[in-house]
Colleague: 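This is the structure I want to talk about, given as structure tokens.
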2 protein chains.
Amino acid sequence: MPYELLLIGQVQAQSGIAIPTLRYYEGLGLIKAVSRTPGGFRQFSPQVLPRLAFIKRLQSLGLSLAEIQALLAIHDRGQLPCTAVQESLKQKTQVLDQRLEELQELKRELDELLDQWPATTPADNGTICPVLQPVP
Amino acid sequence: MPYELLLIGQVQAQSGIAIPTLRYYEGLGLIKAVSRTPGGFRQFSPQVLPRLAFIKRLQSLGLSLAEIQALLAIHDRGQLPCTAVQESLKQKTQVLDQRLEELQELKRELDELLDQWPATTPADNGTICPVLQPVP
DNA sequence: TTAAAGTCTCTAGTGGACTAGAGAGTCAAG
DNA sequence: CTTGACTCTCTAGTCCACTAGAGACTTTAA
């Protein structure tokens, strides 16, 4: 066995990513085995490790695998994807801001509703819970 | 056709909820048809309308259908679910606070990363994008 | 009576990132 | 040569709230 190539179990051990997930990533085209043993075992270059670190890092920053794949495609064309990464992250902050807005609005609504929750429950008016009236 | 009963299309028209969704809700046990026509068409009591309003309202406040179902079950036992609704909403604010924390932390991380983004891309060091080092 | 509109059941697909299991084949060491 | 660890492919399931489609039947109005 060529000492510089890694079997999938070794990749799992060194990356912390489960084997089925690695195969799943391969299916998506995020990583690929450089070769197979005669018996069909995947052999990975050690270069797969920084690649997986990149994937995990961007995933932890909120990027989807599809977005990450686009960035890896740039890398695979021989370019440094840093500028594109920066773009993706900027865009992600915008989505994040939007999402934060929504959740904060929801929180405001919930807090207000709970603040004004009556001490005594109003009479049943056929609406399941009469406190929950205002549906704007 | 008994004038006080509604066919599913009328429920859709008056609630704004799509027919397949209504059937889906029925499957989950959130609503039920009081009877069927001889030909098998569902007939709903008009009471389904406040019930659907309740569902939509709580859904808009972030509750899952499973949580809503638990509240409806209280109603169906003949009790006012207001106190349980209040509890659910309180709990939801907590989950929401947690989620907001996470997203804000993520935003901080993203902002910091972008703030400190180098004007000139560092040399390629085999990590796909050398700017993305710190993976704590 | 017929046509159009409405409704039925049932199955399967969506998105996103996996996870689980069956059943078979492979590799390295003893 | 056998054992045990490792790996393979393939299918299917998870979560959640729907959505779409096929093919058949019912209802109502003209």
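Both backbone and side-chain heavy atoms feed into the values below; hydrogens, waters and symmetry mates do not.
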Colleague: Please tabulate the protein-to-nucleotide N/O contacts below 3.5 Å involving nucleotides 15-18 of chain C, giving atom names and distances.
Modeller:
residue	atom	partner	partner atom	Å
C:dA17	OP1	A:Leu65	N	3.4
C:dA17	N7	A:Tyr24	OH	3.4
C:dC18	OP2	A:Tyr25	OH	2.7
C:dC18	OP2	A:Gln59	NE2	2.7

Colleague: With a 4.5 Å cut-off on side-chain heavy atoms, are A:Leu65 and A:Ile55 touching?
Modeller: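 Contact flag for A:Ile55/A:Leu65 side chains = yes.
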Colleague: Please give, in whole Å, the distance from C:dA28 P to A:Gln10 CD?
Modeller: 11 Å
Colleague: Check the distance between C:dG6's C1' and B:Gln12's CD and give it to me in whole angstrom.
Modeller: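 One finds 11 Å between C1' of C:dG6 and CD of B:Gln12, rounded.
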Colleague: For C:dC27, does OP1 or OP2 lie under 4.0 Å from any side-chain N or O of A:Thr37?
Modeller: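 Answer yes for this pair, as a side-chain N or O of A:Thr37 is under 4.0 Å from OP1 or OP2.
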Colleague: Taking atom P of D:dC6 as reference, at what distance in whole Å does atom CG of A:Leu22 sit?
Modeller: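 Answer to the nearest Å: 15 Å.
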Colleague: side-chain contact (heavy atoms from CB on, under 4.5 Å) for A:Val11 and A:Ile17? Distances and angles first, verdict last.
Modeller: CA-CA 8 Å; A:Val11 176; A:Ile17 298 173; over 6 Å; no
Colleague: Find the distance B:Ile17:CD1 to D:dC18:C1' and express it as a whole number of Å.
Modeller: 12 Å
Colleague: Rounded to the Å, how far apart are A:Leu5 CG and D:dT7 P?
Modeller: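 One finds 14 Å between P of D:dT7 and CG of A:Leu5, rounded.
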Colleague: Show your working on side-chain contact (heavy atoms from CB on, under 4.5 Å) between A:Leu113 and B:Leu61 and close with a plain yes or no.
Modeller: CA-CA 10 Å; A:Leu113 200 51; B:Leu61 290 171; 3.7 Å; yes
Colleague: Would you find a donor on one side and an acceptor on the other, under 3.5 Å apart, between the side chain of A:Glu112 and the backbone of A:Glu109?
Modeller: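 Here the side-chain-to-backbone pair does not exist.
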Colleague: Does atom CD of B:Gln104 have more than 12 heavy-atom neighbours from other groups under 6.0 Å away?
Modeller: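 Correct, the count exceeds 12.
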Colleague: Please list each protein N or O that sits under 3.5 Å from an N or O in nucleotides 8-11 of chain D, with the distance.
Modeller:
residue	atom	partner	partner atom	Å
D:dC8	OP1	A:Arg42	N	2.7
D:dC8	OP1	A:Arg42	NH1	2.8
D:dC8	OP2	A:Arg23	NH1	2.4
D:dC8	OP2	A:Arg42	NH1	3.2
D:dC8	O5'	A:Arg42	NH1	3.3
D:dC8	O3'	A:Arg36	NH1	3.4
D:dT9	OP1	A:Arg36	NH1	3.1
D:dT9	OP1	A:Arg36	NH2	3.2
D:dT9	OP2	A:Arg42	NH1	3.0
D:dT9	OP2	A:Arg42	NH2	2.7

Colleague: Test A:Arg23 against A:Glu26 for salt bridge (Lys or Arg N to Asp or Glu O under 4.0 Å), laying out the working first.
Modeller: CA-CA 5 Å; A:Arg23 290 201 269 248; A:Glu26 190 194 39; over 6 Å; no
Colleague: Evaluate A:Leu5 against A:Val34 for side-chain contact (heavy atoms from CB on, under 4.5 Å), listing each step before the verdict.
Modeller: CA-CA 9 Å; A:Leu5 295 182; A:Val34 292; 3.8 Å; yes
Colleague: Among A:Gln59, A:Lys92, A:Gln91, which one satisfies side chain to side chain donor-acceptor pair (under 3.5 Å) with A:Glu67?
Modeller: A:Lys92
Colleague: Pair A:Leu63, A:Leu71 - check side-chain contact (heavy atoms from CB on, under 4.5 Å), show working.
Modeller: CA-CA 10 Å; A:Leu63 297 216; A:Leu71 298 172; 3.9 Å; yes
Colleague: Tell me which residues in residues 96-106 of chain A put a heavy atom below 4.0 Å from DNA chain C, sorted by number, or none.
Modeller: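 Close to the strand, none.
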Colleague: For B:Leu49, does its backbone N or O pair with a side-chain atom of B:Gln14 as donor and acceptor, under 3.5 Å?
Modeller: no
Colleague: If hydrophobic clusters are built by linking Ile, Leu, Val, Met, Phe, Trp and Tyr wherever their side-chain heavy atoms come under 4.5 Å apart, do B:Ile74 and B:Leu80 end up in the same one?
Modeller: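 Per the 4.5 Å side-chain linkage, B:Ile74 and B:Leu80 are not co-clustered.
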